[in-house]
Amino acid sequence: MKKNEEIQLFKALLELKNTDECKKFFRDLCTPTELEELSARWRVARLLTKKISYRQIAEETGVSTTTVGRVARCLKYGCN
């Protein structure tokens, strides 16, 4: 993705005023599967901060342990 397009996306997100606008924005922008995957990764991130095991998170969320590991790596080495 070109950096300018990425920045424009982030600016558009910052213009959203409430949860309803945000929901509509993502439903227009993403396929149902993409939105489901983003939501699952967000849930995984929240569970990881509670020190729950990868296997338990995978069972609870339905994502693979590989995905849990990727999210964990982003939490540890990402941009905060």
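The basis for the numbers below is simple: all heavy atoms, side chains too, and nothing from hydrogens, waters or symmetry mates.
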Discussion item. If hydrophobic clusters are built from ILVMFWY residues whose side chains come within less than 4.5 Å, do Leu13 and Ile7 share one?
Written reply: no
Discussion item. Using the rule given for side-chain contact (heavy atoms from CB on, under 4.5 Å), can you reason through Lys3 versus Glu6, listing the C-alpha separation, both sets of side-chain angles and the distance that settles it, and then say yes or no?
Written reply: CA-CA 5 Å; Lys3 284 291 179 191; Glu6 188 177 272; 3.6 Å; yes
Fill in: Interatomic spacing from SG in Cys22 to NZ in Lys17 - rounded to 0.5 Å
12.5 Å
Discussion item. Less than 4.5 Å apart, side chain to side chain, heavy atoms only: is that true for Lys2 and Glu5?
Written reply: yes
Item to complete: Please tell me if the side chains of Arg43 and Glu60 come closer than 4.5 Å, counting only heavy atoms from C-beta onward.
Response: yes
Worksheet item: So which residues get pulled into Leu48's cluster when ILVMFWY side chains under 4.5 Å apart are joined, directly or through others?
Response: Val44, Leu47, Ile52, Tyr54, Ile57, Val63, Val68, Val71, Leu75
Worksheet entry | salt_bridge(Asp28, Lys24) N-O dist < 4.0 Å | no
Discussion item. Surrounding CD of Glu34 (heavy atoms of other residues, nucleotides or ligands, distance under 6.0 Å), is the total greater than 12?
Written reply: yes
Worksheet item: Are any of the side-chain heavy atoms of Thr61 and Thr67 separated by less than 4.5 Å?
Response: no
Practice prompt. Work out which heavy atom in Ser64 is nearest to a heavy atom in Ala58; give both atom names and the distance.
Written response: C-CB, 4.2 Å
Discussion item. Check for me, please, whether Trp42 and Phe10 land in the same ILVMFWY cluster - side-chain distances under 4.5 Å, paths through other members count.
Written reply: no
Worksheet, complete the sentence: Interatomic distance, CG@Asn4 vs CG@Leu9, rounded to 0.5 Å, equals 11.5 Å
Practice prompt. Please say whether more than 12 non-hydrogen atoms of neighbouring residues, nucleotides or ligands are located less than 6.0 Å from CZ in Arg46.
Written response: yes
Item to complete: Check whether any side-chain N or O of Glu36 sits under 3.5 Å from a backbone N or O of Pro32 as a donor-acceptor pair, and report yes or no.
Response: no
Worksheet item: Atom NZ in Lys23, atom CG in Leu16: separation rounded to 0.5 Å?
Response: 13.0 Å
